[in-house]
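Hydrogens, waters and symmetry mates are skipped; everything else that's a heavy atom, side chains included, is used.
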Amino acid sequence: QVQLVESGGGLVQAGASLRLSCAASGRTFNRDAMGWFRQAPGKEREFVASISWSGSGTYYADSVKGRFTISRDNAKNVLYLQLNSLKPEDTAVYYCAARAGSNYMRTQGAEYDYWGQGTQVTVSS
């Protein structure tokens, strides 16, 4: 059974940092592009960042560029998202996702095959 399990969320003050992790099991994800998405209450899910197989390619939403960093450790089958300089508008449930067998980074959630259950990030002002 394929599983993606996020962790690392929490309640922090504006300006703080968090590191989210996404542990994959049930298959090897080192041939999958992966991404992070988020969904705030009452809003649609939005793209945050994506990364290629090797990690050499990354792409970010403008709203997080320069503050968030996506990375991966294929040996451990783990995806990361470092969140720095957090703002109240970053409050959302954060989801990791994988594109099975593709190295192309995409920003549309419909193009991802596997999803985690999400981890809550709350940033207070």
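Residues P88 and Q13 have side chains not in contact (no heavy-atom distance under 4.5 Å, counting atoms from C-beta outward). In this structure, R99 and E111 have side chains that are in contact, with non-hydrogen atoms separated by less than 4.5 Å.
Proximity of a side-chain donor or acceptor of N74 to a complementary backbone N or O of N77 within less than 3.5 Å is not detected. Checked by atom type and distance alone, the side chain of N103 pairs as donor or acceptor with a backbone atom of W53 at under 3.5 Å. Put simply, the side chain of S50 never gets that close to the backbone of G35: no donor and acceptor are under 3.5 Å apart.
Summarising the geometry, atom CD belonging to Q3 is positioned 14.0 Å from atom CZ belonging to R27; distances are rounded to the nearest 0.5 Å. With rounding to the nearest 0.5 Å, the separation of CG in D113 from OG in S102 is 8.5 Å. Rounded to the nearest 0.5 Å, atoms OG (S21) and CZ (R72) are 13.5 Å apart. From R45, atom CZ reaches atom CD of Q108 across 9.0 Å, with rounding to the nearest 0.5 Å. Taken from OG1 in T91 to NZ in K87, the straight-line distance is 12.5 Å, to the nearest 0.5 Å. Atoms CD and CD, on Q39 and Q120 in that order, are 11.0 Å from each other to the nearest 0.5 Å.
Scanning both residues, R38 and A92, for their nearest heavy atoms gives CB-CB, 3.8 Å.
Grouping Ile, Leu, Val, Met, Phe, Trp and Tyr by side-chain contacts under 4.5 Å, direct or through others, puts Y80 with V78. Cluster partners of L18, by chain and number: V2, L4, V12, L20, F29, M34, W36, V48, I51, Y60, V64, F68, I70, L79, L81, L83, L86, Y94, Y114, V121, V123. The rule joins Ile, Leu, Val, Met, Phe, Trp and Tyr whenever side-chain heavy atoms lie under 4.5 Å apart.
Residue K43 qualifies as open at atom NZ: its count of foreign heavy atoms under 6.0 Å is 12 or below.
Evaluation of the disulfide (SG to SG under 2.5 Å) test over residues 57-93, restricted to residues two or more places apart or in two chains, returns none. Among residues at least two apart or in separate chains, disulfide (SG to SG under 2.5 Å) pairs with a member in residues 64-125 are C22-C96.
Checked against ring-ring contact (aromatic ring centres under 6.0 Å, His included), F37 has the following partners two or more places apart in sequence or in another chain: F47, Y112, W115. Listed by chain and number, the residues in a side chain to side chain contact (heavy atoms under 4.5 Å, CB included) with Q82 are S17, R19, T69, N84 (sequence neighbours excluded).
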